[in-house]
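Please read the structure below before turning to the comments.
Atoms within a ligand are numbered from 1 in the order they appear, just like the ligands themselves.
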Amino acid sequence: MLDDTVDRVAVLGAGNMGHGIAEVTAMAGYDVVLRDIEPEYVEDGYESIRWSLEKLAERERLEESADAILERIETTTDLENAVADADLVIEAAPENLELKRELFANLERFADEDALLATNTSSLPITDVAAAVDTPERVLGLHFFNPPVKMDLVEVIYGAETSDAAAEAGHDWVESIGKTPIYVRKDVRGFVVNTIVGPFIGEPAWMVSEGDAEVRQADAAMVHERGYPMGPFELADLTGIDVSYHVRKEAGEDVPPAIAEKVEAEELGKKTGKGFYDYESSDGPDYEPGQGEGFDTLQVEARMVNRAAYLVGEDVATSEAIDTGVRLGLGFPEGICRRGDGIGLDTVLEKLETRFEETGDDRFEPHPYLRELVAAGKTGEDAGAGFHEYGDGGAGDLDSYRYLNAEVEDGVLEVELDRPERMNALSADLLEEIDDLFSTVDTDGLRCATIEGTGDRAFSAGADISGFDSLEPTDAMDITPAFETVNEFPRPVLATVDGYCLGAGLELALACDLRIATKRSSFGAPEIGLGLIPGGGGTQRLLRVLGETRAKELVFRGNHVDAERAERWGLVNRAVDREAFEETVATFVDDLREGPPLGLEVAKKVMNRGEDASLEAALAMESQGFGLLIGTDDVREGTAAFAEDREPEFEGR
Ligand SMILES: C/C=C/C(=O)SCCNC(=O)CCNC(=O)[C@H](O)C(C)(C)COP(=O)(O)OP(=O)(O)OC[C@H]1O[C@@H](n2cnc3c(N)ncnc32)[C@H](O)[C@@H]1OP(=O)(O)O
């Protein structure tokens with residue numbers, strides 16, 4: 001029987017990945033044994049963990065002291081001792097199949113028969129590693145990304161014999177350490193994330209090799225036109241061009257000459273000082289926004305979408321898992337399935353077919369699942385379905401948003417900004433969705449709304465800086481509608497802030513009516529450091545909320561203030577410990593939910609409008625509001641409940 005409750009974890013291998021995995025495991029409260037073959041390897045790993053934890057503590061990213069976390073980590077070189085009491089063993093030894101198989105064979109002798117056995121391999125088949133033990137059903141892949149302390153994604157990979165119970169236990173454990181697991185249900189080369197990144201680098205490399213593109217042109221187009229965080233050649237330089245070379249060789253694929261030539265010349269990227277860019281005599285990537293013109297971005301994206309079709313069509317992963325994987329693992333601006341749906345899967349298919357006909361090259365051969373989707377009319381967003389379903393896209397369709405999650409729960413519109421890999425930075429698309437949601441959602445039956453950020457770092461770290469290069473002044477001036485829509489929403493809106501709340505993120509919180517924050521949160525208007533000013537109402541709302549002295553301090557200095565100061569200044573209603581956060585939010589939400597909807601709507605309107613009117617005009621507005629409410633059922637219910645000494649039940653009439 002597999003033990004699905006994990007208390008103690010053994011990590012085998014104290015190198016980069018191993019010590020990183022041990023660190024995040026101990027941070028989540030587990031007891032960890034870190035084991036390597038030589039005492040100095042273990043010591044180096046342990047010291048790296050100490051260094052990293054101290055950095056995190058300096059940046060106030062830990063909930064307890066670095067020492068308290070370190071106390072949960074034991075080190076050893078003795079394999080038997082390391083794994084004897086472990087409920088979960090994670091092997092993070094070098095990528096050598098024989099070495100891993102030997103280790104697993106020993107694990108079977110020393111570890112408890114109920115223990116879950118995982119390998120952190122990024123390139124070897126899980127099935128081959130698991131074949132070294134008599135109980136392959138309890139072996140799975142747990143593929144962390146580098147560095148584990150920063151990267152949220154973990155691929156949970158089935159080997160051919162892995163049981164559902166083992167995969168589910170691995171998945172639950174990954175969630176318990178605050179990471180995001182995605183299932184990879186078949187043991188395919190590259191798993192999910194590396195399957196998609198292959199053509200991101202490979203296709204531009206072919207295009208350059210065939211004389212159809214230039215390196216800088218490709219990087220500029222993918223970054224500045226299509227929003228990827230890095231250009232393909234910039235990424236190849238960072239990860240090592242030899243890595244791209246060997247991955248292709250091992251998969252039996254042809255290697256684009258542009259890559260092979262660099263490997264022959266031993267220009268392997270940043271690590272050798274030279275690759276596609278020069279890191280010795282200049283500062284590396286030097287492409288400019290306008291340089292991408294004429295590059296065929298569709299050819300690259302069509303190939304990535306085709307890989308996604310293969311993964312879904314062969315039941316390796318769901319489109320949701322793929323999209324989560326590429327967003328968190330690669331920092332893609334949106335999931336590749338979403339992107340395909342946005343482009344139109346018929347357009348993608350046509351591109352692949354045309355290139356296949358022209359070149360006869362297998363790399364363009366459309367996967368049958370892509371053909372199936374198009375034949376069924378599921379061509380993407382405009383058709384209402386593609387990889388994903390889009391509902392009818394009409395007013396109030398809460399499933400139609402890409403960058404925010406919205407649902408109505410018991411009269412509360414719960415909204416999450418969903419770009420955790422970018423600290424929920426507000427891109428033009430996300431702002432548009434906020435505007436759309438708050439202007440079209442059906443308010444009947446709604447009592448209030450809450451806005452929070454996903455991930456564990458930020459409410460929102462501001463406007464998406466990566467989009468600034470390509471922003472026209474006229475677009476930049478159009479940033480405020482979303483904030484005004486939230487501010488004028490006819491129900492109270494509560495911002496719940498846990499982490500960074502900066503720039504446009506702070507402006508969004510200020511557009512809300514109330515703000516509750518955890519004490520670890522920080523607030524600021526850092527725009528001045530970018531040579532900008534707050535452009536989402538910040539200069540004006542900060543003045544009104546804080547007064548001139550404090551508002552100018554925030555805007556002119558661009559510094560962050562902590563949540564306790566923010567509370568003293570009246571920037572937030574409450575700053576509470578994380579343990580008390582949910583309960584405090586729930587108490588506020590309950591008050592808003594139980595309150596009289598009409599009374600709250602009128603109060604919000606009168607207070608918002610009155611702020612900018614003369615006192616006389618504002619008092620007139622207030623009197624009108626009072627008069628309007630006095631004849632309502634809610635006022636009758638409120639006064640009756642008071643007389644009968646019971647809680648009122650308001651209905652918004
Ligand atoms: C009209 C309104 C204008 C504005 O709002 S202008 C923007 C104002 N905001 C800022 O200037 C804040 C920018 N961000 C930061 O200063 C830092 O981040 C933090 C202090 C919030 C956190 O620092 P750390 O812990 O070192 O994390 P990390 O590696 O910098 O960020 C993690 C990932 O999040 C991306 N990111 C953070 N903020 C933004 C942003 N505002 N726009 C776009 N991306 C952002 C990063 O780049 C990175 O991504 P990767 O892991 O791929 O390197």
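- Using a 4.0 Å cut-off between charged nitrogen and carboxylate oxygen, Asp577 and Lys519 count as a salt-bridge pair.
- Nearest non-hydrogen protein atom to atom 45 (C) of ligand 1 is Arg422 O, 3.9 Å.
- Shown here, atom 30 (O) of ligand 1 is out of close reach of the protein: none of its heavy atoms lies under 4.0 Å off.
- The proximity of Leu426 to ligand 1, defined as any non-hydrogen pair under 4.0 Å, does not occur for either the backbone or the side chain.
- Between Met304 and Arg307 the shortest side-chain heavy-atom distance does not fall below 4.5 Å.
- Inclusion of Ala463 in the set of residues having an N or O under 3.5 Å from an N or O of ligand 1 is warranted.
- The contact set between ligand 1 and Leu502, taken as ligand atoms under 4.0 Å from a residue heavy atom, comprises 12 (C), 21 (C).
- The shortest side-chain heavy-atom distance between Val493 and Val415 does not fall under the 4.5 Å cut-off.
- Considering only non-hydrogen protein atoms, atom 13 (C) of ligand 1 sits nearest to Ile465 CD1, 3.8 Å.
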Legend entry - Worked check of ring pair (Phe, Tyr, Trp, His ring centres under 6.0 Å) between Phe233 and Tyr287: CA-CA 11 Å; Phe233 294 102; Tyr287 54 88; over 10 Å; no
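- Counting only heavy atoms of the protein, atom 27 (O) of ligand 1 lies nearest to Met423 CE, 3.4 Å.
- At a threshold of 4.0 Å, the pair Asp429-Arg402 does not count as salt-bridged, since none of the basic side-chain nitrogens sits closer than that to a carboxylate oxygen.
- Listed by atom number, the atoms of ligand 1 under 4.0 Å from Lys150 heavy atoms are 29 (O), 51 (O).
- Side chains of His19 and Asn16 form a contact here, defined as non-hydrogen atoms less than 4.5 Å apart.
- At a 4.0 Å cut-off, not a single heavy atom of Met230 sits close enough to ligand 1 to count as contact.
- In the vicinity of Glu507, heavy-atom distances shorter than 4.0 Å reach the ligand 1 atoms 1 (C), 2 (C).
- Ligand 1 has Leu530 within reach: a non-hydrogen atom of the residue lies less than 4.0 Å from it.
- Atom 2 (C) of ligand 1 has its nearest heavy-atom neighbour, among Glu527, Arg61, Met151, in Glu527.
- Here Glu484 pairs with Arg541 in a salt bridge; the nearest charged N to carboxylate O distance falls below 4.0 Å.
- Against a heavy-atom cut-off of under 4.0 Å, Gly503 is close to the following atoms of ligand 1: 5 (O).
- Distance from atom 33 (C) of ligand 1 to its nearest protein heavy atom, with residue and atom name: Glu421 O, 3.8 Å.
- Of all the listed residues (Asp464, Leu330, Leu56, Leu328), Asp464 holds the heavy atom that lies closest to atom 43 (C) of ligand 1.
- The N/O atoms of Leu532, backbone and side chain alike, include none that comes under 3.5 Å of an N/O atom in ligand 1.
- In this structure, His388 and Asp323 have side chains that are in contact, with non-hydrogen atoms separated by less than 4.5 Å.
- Atoms of ligand 1 lying under 4.0 Å from at least one heavy atom of Gly462, given by number and element, are 5 (O).
- The shortest contact between atom 25 (O) of ligand 1 and any protein heavy atom is with Arg457 NH2, 2.6 Å.
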Inset, instruction - Would you sort out whether Thr180 and Asp152 count as a side chain to side chain donor-acceptor pair (under 3.5 Å), showing the intermediate values? - result: CA-CA 6 Å; Thr180 306; Asp152 268 341; 5.1 Å; no
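- Side-chain contact between Pro285 and Asp237 is absent, with no heavy-atom pair separated by less than 4.5 Å.
- Within the 4.0 Å cut-off (strictly below), no protein heavy atom is located near atom 16 (O) of ligand 1.
- Ranking protein heavy atoms by distance to atom 26 (O) of ligand 1, first place goes to Arg59 NH2, 2.6 Å.
- Annotation: atom 9 (N) of ligand 1 to nearest protein heavy atom, Ala461 O, 2.9 Å.
- Closest to atom 8 (C) of ligand 1 among all protein heavy atoms lies Pro526 CG, 3.8 Å.
- Look at Glu47 and Arg50 and you find a salt bridge, because one of the NZ, NE, NH1 or NH2 atoms lies within 4.0 Å of a carboxylate O, short of that distance.
- With sequence neighbours excluded, the residues that form a side-chain hydrogen bond (donor to acceptor under 3.5 Å, both in side chains) with Lys271 are Asp242.
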Inset, instruction - Let me see the working for Thr272 and Glu267 under side chain to side chain donor-acceptor pair (under 3.5 Å), right down to the final yes or no. - result: CA-CA 6 Å; Thr272 59; Glu267 292 178 358; over 6 Å; no
